[in-house]
Amino acid sequence: MTTDSPQQGLARELFGLAFRNPVGLGAGFDKNALYLEELEALGFGFVEIGTVTPLPQAGNEQPRLFRLPMDQALINRMGFNNDGATVIAERLKKWREGRTKIPLIVGGNIGKNKSTPNDMAWKDYELCFRALFEPVDYFVVNVSSPNTPGLRELQEKDALRRILVNLQTVNKELAAKTKINPRPLLLKIAPDLNGQQLDEVIALALEIGLDGLVAANTSIGREKLLTPPHRIEAIGAGGLSGAPLKERATAIVQYIQGKTRGSIPLIASGGIFTGADAKEKIQAGASLVQVWTGFIYVGPMIVARICEKLGP
Ligand SMILES: Cc1cc2nc3c(=O)[nH]c(=O)nc-3n(C[C@H](O)[C@H](O)[C@H](O)COP(=O)(O)O)c2cc1C
């Protein structure tokens with residue numbers, strides 16, 4: 001297998017982009033677009049950089065990332081530590097320079113700075129979008145991280161509409177100016193949304209013609225864990241990821257797929273460790289999958305192993 005050719009039976013065409021395989025790396029691993037060369041070599045079909053915020057920020061105090069090995073899970077409260085949109089955009093442009101054929105699709109996951117009030121959040125998303133428009137292949141609006149106070153309130157439909165409709169306007173403007181195709185615009189949702197909230201997100205996505213949804217981010221829930229409660233309590237706040245998220249993430253994908261009859265492309269994220277896990281998400285309706293916690297526990301061979309199981 002060479003890393004720069006589409007893999008037999010694994011290539012996917014989605015949002016007008018050619019993915020060499022459907023296995024991606026979720027946002028938050030390569031927040032600053034520093035390791036694309038290495039991640040490409042490991043075989044990822046796509047990598048979502050970020051979450052990027054307009055200004056650089058340090059994130060929360062350490063320790064802020066905890067392993068729950070008994071549960072094959074992680075809890076994190078990183079808090080969008082990143083180098084900021086300008087620096088990351090320049091880094092990405094340099095990475096692309098001189099390379100004619102890049103097999104790796106790069107998504108830009110965007111957010112707001114901690115200090116930006118929610119009623120001005122739309123502007124932060126716009127600043128990130130403008131900075132990253134040229135060097136990323138698609139965008140994901142992140143309003144679902146539990147580690148920026150108040151961020152998830154932006155999942156409420158009026159706040160969300162304001163952010164997304166503005167980005168669509170900017171998208172058209174920049175596409176006309178640069179003669180580049182408009183960038184696919186996706187939204188990443190929390191696994192903790194209830195049925196009504198999910199229905200509202202789906203209705204909005206259909207109404208404004210979003211290109212896709214990423215389901216789902218980390219959870220504020222702590223149910224059904226094997227790790228002793230005193231340890232969970234000692235860890236404190238943060239988003240739970242990994243195996244405990246698997247069922248819920250699959251259920252959300254299935255629900256959205258059913259409600260929309262497949263008209264909104266879905267990227268599944270949550271508890272994917274094996275080829276069987278990835279197949280489960282695809283059977284539920286996902287077009288692409290992303291790993292994160294599985295990458296930590298399974299190791300760098302995870303992409304090759306999943307691809308082997310998904311192959312013809
Ligand atoms: C340490 C860590 C940092 C993360 N940072 C981000 C982030 O910045 N933006 C984002 O949208 N998701 C972030 N995520 C969520 C992942 O992209 C993914 O959606 C989630 O972990 C569920 O997938 P998993 O069970 O395979 O880990 C982060 C996850 C972890 C574990």
Side-chain angles (χ1 to χ4, degrees), residues 23-33 39 44 46-53 56-60 62-68 71-85 88 107-114 125 128 136 138-148 151-152 154-155 186-193 212-221 225 235 237-250 252-253 266-274 277-278 280-281 286 288-299 302-303 306:
V23 184
L25 180 60
F29 190 94
D30 192 6
K31 287 177 184 277
N32 294 312
L39 295 167
F44 282 106
F46 62 112
V47 169
E48 206 169 292
I49 60 137
T51 295
V52 176
T53 56
Q57 60 179 34
N60 291 321
Q62 294 181 8
R64 55 192 182 183
L65 175 57
F66 307 85
R67 282 180 192 240
L68 279 55
D71 291 296
Q72 298 275 290
L74 299 170
I75 289 176
N76 92 82
R77 52 169 171 275
M78 305 298 287
F80 293 171
N81 52 305
N82 78 106
D83 293 340
I88 295 172
N109 182 301
I110 57 177
K112 74 165 195 76
N113 281 112
K114 187 179 177 182
Y125 288 92
C128 293
V136 303
Y138 71 89
F139 280 97
V140 175
V141 171
N142 180 10
V143 284
S144 49
S145 165
N147 300 315
T148 294
L151 187 84
R152 291 175 322 146
L154 296 172
Q155 290 178 110
L186 288 79
L187 173 73
K188 185 166 179 179
I189 59 174
D192 308 312
L193 296 180
L213 294 170
V214 183
N217 214 316
T218 56
S219 173
I220 55 169
L225 298 178
I235 289 172
L240 176 72
S241 61
L245 218 61
K246 182 173 120 166
E247 223 173 287
R248 177 70 185 151
T250 303
I252 291 179
V253 168
L266 299 170
I267 301 181
S269 162
I272 299 170
F273 287 64
T274 65
D277 296 338
E280 181 184 295
K281 294 284 195 281
L288 303 169
V289 298
Q290 290 179 329
V291 298
W292 206 123
T293 304
F295 190 37
I296 302 300
Y297 283 101
V298 177
I302 189 168
V303 192
I306 293 178

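In listed order, ligands and their atoms are each counted from 1. Computed over heavy atoms, backbone and side chain alike; hydrogens, waters and symmetry mates excluded.
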Discussion item. Would you say that Leu240 contacts Thr218 through its side chain, given a criterion of any heavy-atom pair below 4.5 Å between the two side chains?
Written reply: no
Worksheet item: So Thr250 and Lys281, side-chain hydrogen bond (donor to acceptor under 3.5 Å, both in side chains) or not? Walk me through it.
Response: CA-CA 6 Å; Thr250 303; Lys281 294 284 195 281; 2.8 Å; yes
Worksheet item: Minimum heavy-atom separation for Val141 to Tyr125, with atom names?
Response: CG1-CE2, 3.7 Å
Worksheet item: Looking only at atom types and distance, does a side-chain atom of Gln57 sit under 3.5 Å from a main-chain N or O of Asn113, one as donor and one as acceptor?
Response: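 Pair absent, no side-chain N/O of Gln57 close to backbone of Asn113.
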Fill in: Backbone N/O of Phe80 and side chain of Asn82: donor-acceptor pair under 3.5 Å
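Looks like yes, one N/O pair under 3.5 Å.
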Provide the number and element of each atom of ligand 1 under 4.0 Å from a heavy atom of [X].
X	value
Leu65	1 (C)
Ala216	19 (O), 22 (C)
Leu74	31 (C)

Worksheet item: Nearest heavy atom to atom 21 (O) of ligand 1: which of Ala268, Ala73, Ser241 does it belong to?
Response: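 Checking each option, the heavy atom nearest atom 21 (O) of ligand 1 is found in Ser241.
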Worksheet entry | Identity of the nearest option to atom 2 (C) of ligand 1, non-hydrogen atoms only, from Ile75, Leu240, Asn76, Val141 |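 Checking each option, the heavy atom nearest atom 2 (C) of ligand 1 is found in Asn76.
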Region of [X] that comes within reach of ligand 1 [heavy atoms, distance under 4.0 Å]:
X	answer
Lys188	side chain
Lys31	side chain
Thr293	both
Ser145	neither

Let me confirm one number: the [atom1]-[atom2] distance from [X] to [Y], rounded to the nearest 0.5 Å.
X	Y	atom1	atom2	result
Gln155	Leu151	CD	CG	8.0 Å
Lys112	Thr51	NZ	OG1	12.0 Å
Asn60	Thr148	CG	OG1	7.5 Å

Practice prompt. Check whether any heavy atom of Gly239 sits under 4.0 Å from an atom of ligand 1.
Written response: no
Is the closest N or O pair between [X] and ligand 1 shorter than 3.5 Å?
X	answer
Gly271	yes
Gly242	yes
Thr218	no

Fill in: Phe29 ring center near Phe44 ring center (under 6.0 Å)
no
Fill in: Distance from atom 9 (N) of ligand 1 to nearest protein heavy atom, with residue and atom
Thr51 OG1, 2.7 Å
